[in-house]
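Scroll down for the structure; my scribbles are underneath it.
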Amino acid sequence: METTKKIEDEIPPMRRGQLNSYKPEDIRRWGVERFLEATAVREPFNRVFPEFTEEENRRMDELLAEGDRGAV
């Protein structure tokens, strides 16, 4: 007989503009897949840096998009 215990602890959401840290034992308790599903960023990180030229901003967006795909 196999029993699976499912823990339904709520995972605190990531907060924009704040340092977020999670303890390894909490991540293990929640499960890695569930943790990543709850905390992963879904939208691309595109930001305009006023001290950059338009070309530099475009290049930064390209590099960030590559990083999102795991290419960098």
Side-chain angles (χ1 to χ4, degrees):
M1 179 167 77
E2 203 172 304
T3 305
T4 304
K5 183 178 178 184
K6 193 172 186 179
I7 298 176
E8 293 298 330
D9 286 346
E10 187 170 323
I11 299 172
M14 298 288 281
R15 291 187 207 102
R16 205 174 277 262
Q18 288 186 327
L19 181 63
N20 296 287
S21 61
Y22 297 94
K23 296 178 183 170
E25 57 268 17
D26 290 336
I27 296 170
R28 281 189 218 101
R29 186 179 74 240
W30 296 322
V32 175
E33 286 184 43
R34 181 173 167 227
F35 172 76
L36 291 175
E37 187 66 34
T39 60
V41 177
R42 304 268 183 262
E43 68 276 352
F45 178 76
N46 292 326
R47 183 173 281 201
V48 175
F49 298 91
E51 62 275 7
F52 286 4
T53 65
E54 200 54 45
E55 175 61 25
E56 289 170 325
N57 272 315
R58 185 192 60 73
R59 182 67 183 134
M60 179 65 75
D61 289 343
E62 288 174 3
L63 290 171
L64 290 170
E66 286 177 28
D68 288 345
R69 290 190 302 269
V72 176

TODO: Please report the shortest heavy-atom distance between M60 and F52, naming the atom on each side.
DONE: CE-CE2, 3.5 Å
- [ ] Can you sort out the partners of E55 under salt bridge (charged side-chain N to carboxylate O under 4.0 Å, His left out), two or more places apart, ordered by chain and number?
- [x]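 Partners of E55 by the salt bridge (charged side-chain N to carboxylate O under 4.0 Å, His left out) criterion, ordered by chain and then number, come out as R58.
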- [ ] Apply salt bridge (charged side-chain N to carboxylate O under 4.0 Å, His left out) to E56 and list each qualifying residue two or more places apart in sequence or on a separate chain.
- [x] none
Out of curiosity, [X] [atom1] to [Y] [atom2], how far, rounded to the nearest 0.5 Å?
| X | Y | atom1 | atom2 | value |
| --- | --- | --- | --- | --- |
| E66 | D61 | CD | CG | 11.5 Å |
| R29 | F35 | CZ | CZ | 11.5 Å |
| I11 | I27 | CD1 | CD1 | 9.0 Å |
| R28 | K23 | CZ | NZ | 12.5 Å |

Open item on the list: Donor-acceptor pair, distance only, cut-off 3.5 Å: does the side chain of Y22 make one with the backbone of P12?
Closed with: yes
Open item on the list: Any carboxylate oxygen within less than 4.0 angstrom of a Lys/Arg side-chain nitrogen, looking at E62 and R59?
Closed with: yes
TODO: Tell me, please, which residues at least two apart from E54 pass side chain to side chain contact (heavy atoms under 4.5 Å, CB included).
DONE: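 Residues passing side chain to side chain contact (heavy atoms under 4.5 Å, CB included) with E54: none at all.
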